[in-house]
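Read through the structure below, which is laid out as structure tokens, and then see the notes.
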Amino acid sequence: MKKMMIYAYTEFNLGDDLFIKVLCERYPDTRFMIIAPRLYKLVFKDIKNLKVYASDSVLFRGVNYVFRKLKLHPNFVQRLLGDQSDGTVHIGGSIFMQGEGWAEYVAAAEDVRNKSKPYYLMGANFGPFTDEGYVKHYRKVFPEYADVCFREQYSYDLFKDLDNVRMAPDIIFQLKYDSAQPAAEKNGSQGRTIAISVIKPSSKALTGFDDLYYEKMKDVAIHFIQQGYAVHFMSFCQHEGDQEAITHILGLIPAEYQGQTHVHLYKTDIDDILAALSGASFIVASRFHAMILGWVFGKPVFPIAYSKKMINVMQDAYFDGTYTDFAHLAELTPEMVYESMATNTIDVTLQANQAEKHFEQLDAYLSPAPFALEGRRSYES
């Protein structure tokens, strides 16, 4: 049984947590380790081959503090676990956004990486970035990895001349989910529900858009309620302000409509969000993975693109439905969103099959035989 470290975004973001679950359940004979807040032991309680080392435990922080004070290593536990593993899987989406002080950040990440062990990068997009030096740095680093697989064409094109760089659609395209009792049935709305995944725009560097966005989501919600739909608001990541955004939107909705609103706050229960999405008639997707999951579930989706990565994936998937971005948000009307229910469905069977390619190189390393198609991830609730 091989032991693999996982590097991922561990702030209770639905999309990233789905990545981790898909990875671990794809390789049941591999032991995975991840450093994350202790509450992740609850998130992944059913995944027996994943060991969560609590980053917020007294022992973890104490050991790192001692080694930092002795100037031996600032992240001793991470480096120790990496040394004890057979390799590392770095899995995530927007994990290469250039920030302030990026040189120090990437230097610290490279210091933790054990360069004698294979390192697999999958599921990511690159950017946004403003400094060409940021790209040049990774052009030197990526050739040292065992495999690099991006999730959209734009990122791939930046590095396609490197021999170990590949591309496949988002990992979540291959998700299978069977809900015995969709959310629509549970709340008695007989299938007439819409799901609205929200964001806090300012948390996505969209300064000055919060109030406009909340007003538009309020208008959309009221319009659908008036058409006889129940509205389910989705928070995919509390840390990034989704829950705060829902609170603001609900505060704008008149009391007479409040009874037709429902709230789903993701923290540790993945199935609750998936059931609500799979049971909806229509999805308004401000979150990237609300768009992907809606397509996977065969739902019409109206994307509200907060970044170029959403538009890139729409183009890669040949999505020709209506959508908006924040540059055109002021022009959005509830009628436009409502009418898109009839036009915004897309068949992603091809993307689901191609998403398997993310795991091609890791399959060869971890699986004793070629990975069977029936081994694709399946969820049951």
Side-chain angles (χ1 to χ4, degrees), residues 1-68 72-93 95-96 105-106 108-124 141 144-149 171-172 237 239 267-268 270 358-368 371 375 377 379:
M1 179 179 284
K2 283 188 171 69
K3 295 187 296 184
M4 299 292 290
M5 273 294 296
I6 298 175
Y7 287 157
Y9 181 68
T10 51
E11 290 289 353
F12 304 98
N13 179 291
L14 178 69
D16 291 278
D17 293 354
L18 282 173
F19 285 155
I20 296 167
K21 190 166 186 174
V22 166
L23 172 67
C24 294
E25 296 192 349
R26 183 179 179 93
Y27 303 105
D29 295 325
T30 298
R31 178 186 174 193
F32 290 96
M33 302 175 289
I34 190 169
I35 296 170
R38 72 181 69 205
L39 199 54
Y40 267 95
K41 295 183 179 183
L42 180 59
V43 176
F44 299 127
K45 64 181 184 302
D46 296 325
I47 303 179
K48 304 307 180 185
N49 61 326
L50 175 62
K51 171 71 173 178
V52 177
Y53 290 86
S55 57
D56 49 0
S57 70
V58 173
L59 178 61
F60 182 95
R61 291 190 290 186
V63 170
N64 269 351
Y65 175 79
V66 170
F67 275 81
R68 193 175 300 119
L72 295 176
H73 200 283
N75 295 294
F76 173 76
V77 178
Q78 292 94 318
R79 183 58 186 267
L80 177 64
L81 293 176
D83 291 345
Q84 293 177 347
S85 72
D86 294 299
T88 297
V89 179
H90 192 172
I91 190 167
I95 53 182
F96 291 107
Y105 173 82
V106 296
E110 282 299 292
D111 185 54
V112 172
R113 180 169 69 91
N114 186 325
K115 298 176 177 60
S116 68
K117 306 288 180 71
Y119 193 95
Y120 298 86
L121 171 67
M122 60 177 65
V141 172
E144 299 179 9
Y145 292 4
D147 184 47
V148 176
C149 194
I171 289 170
I172 305 306
C237 184
H239 176 73
K267 187 71 172 183
T268 64
I270 290 176
H358 275 288
F359 297 99
E360 281 182 350
Q361 296 300 313
L362 194 58
D363 282 351
Y365 186 58
L366 296 181
S367 300
F371 198 83
R377 188 58 223 110
Y379 290 90

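On a predicted model such as this, the values are computed, not experimentally measured, just so you know. Numbers here are sequence positions counted from 1.
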Heavy-atom pair with the smallest gap, counting every atom of E110 and E144: OE1-OE1, 4.3 Å

Beyond-backbone contact of T268 with L39, side-chain heavy atoms, under 4.5 angstrom: yes

Derivation and outcome, side chain to side chain contact (heavy atoms under 4.5 Å, CB included), residues V106 and V141: CA-CA 10 Å; V106 296; V141 172; over 6 Å; no

Side chain to side chain contact (heavy atoms under 4.5 Å, CB included) assessment of R26 paired with H358: CA-CA 12 Å; R26 183 179 179 93; H358 275 288; over 6 Å; no

Sub-4.5 Å side-chain heavy-atom contact between D16 and T10: no

NZ on K3 to NZ on K51, rounded to 0.5 Å: 12.0 Å

From CA spacing to verdict: side chain to side chain contact (heavy atoms under 4.5 Å, CB included), L362, L23: CA-CA 10 Å; L362 194 58; L23 172 67; 3.7 Å; yes

Any donor-acceptor N or O pair under 3.5 Å, side chains D17, Y40: yes

Between OH on residue Y7 and CE on residue M33, distance to nearest 0.5 Å: 9.5 Å

Residue pair L121 / I95, side-chain heavy-atom distance below 4.5 Å: yes

Exercise: identify the closest heavy-atom pair between G123 and F19: O-CZ, 4.4 Å

From I34, T88, L366, residue fulfilling side-chain contact (heavy atoms from CB on, under 4.5 Å) relative to M4: L366

Full working for side chain to side chain contact (heavy atoms under 4.5 Å, CB included) between I270 and L18: CA-CA 8 Å; I270 290 176; L18 282 173; 3.7 Å; yes

Backbone N/O of S367 and side chain of D29: donor-acceptor pair under 3.5 Å: no

Short side-chain to backbone donor-acceptor contact, K48 and P28, under 3.5 Å: no

Contact check, side chains of Y53 and M5, non-hydrogen atoms, under 4.5 Å: no

F32 and Y27 aromatic ring geometry - parallel, tilted or perpendicular at 30°/60° bounds: tilted

Validation row: I91, I171 side chains within 4.5 angstrom (heavy atoms): yes

Beyond-backbone contact of E25 with I47, side-chain heavy atoms, under 4.5 angstrom: yes

N49 side chain vs C24 backbone, donor-acceptor pair below 3.5 Å: yes

Close side-chain approach of H239 to F12, heavy-atom, < 4.5 Å: no

Results of ring pair (Phe, Tyr, Trp, His ring centres under 6.0 Å) for F359 - residues two or more places apart only: none

Minimal non-hydrogen separation, R113 against Y119, with atom names: CD-CD1, 3.3 Å

Interatomic spacing from CG in D86 to CZ in R31 - rounded to 0.5 Å: 10.5 Å

Nearest-0.5 Å distance, NZ of residue K2 to OG1 of residue T30: 7.5 Å

Side chain proximity check, L50 to I6, heavy atoms < 4.5 angstrom: yes

Least distance between heavy atoms, P37 atom then S55 atom: N-OG, 3.3 Å

Spacing of C149 atom SG and E360 atom CD [to the nearest 0.5 Å]: 8.0 Å

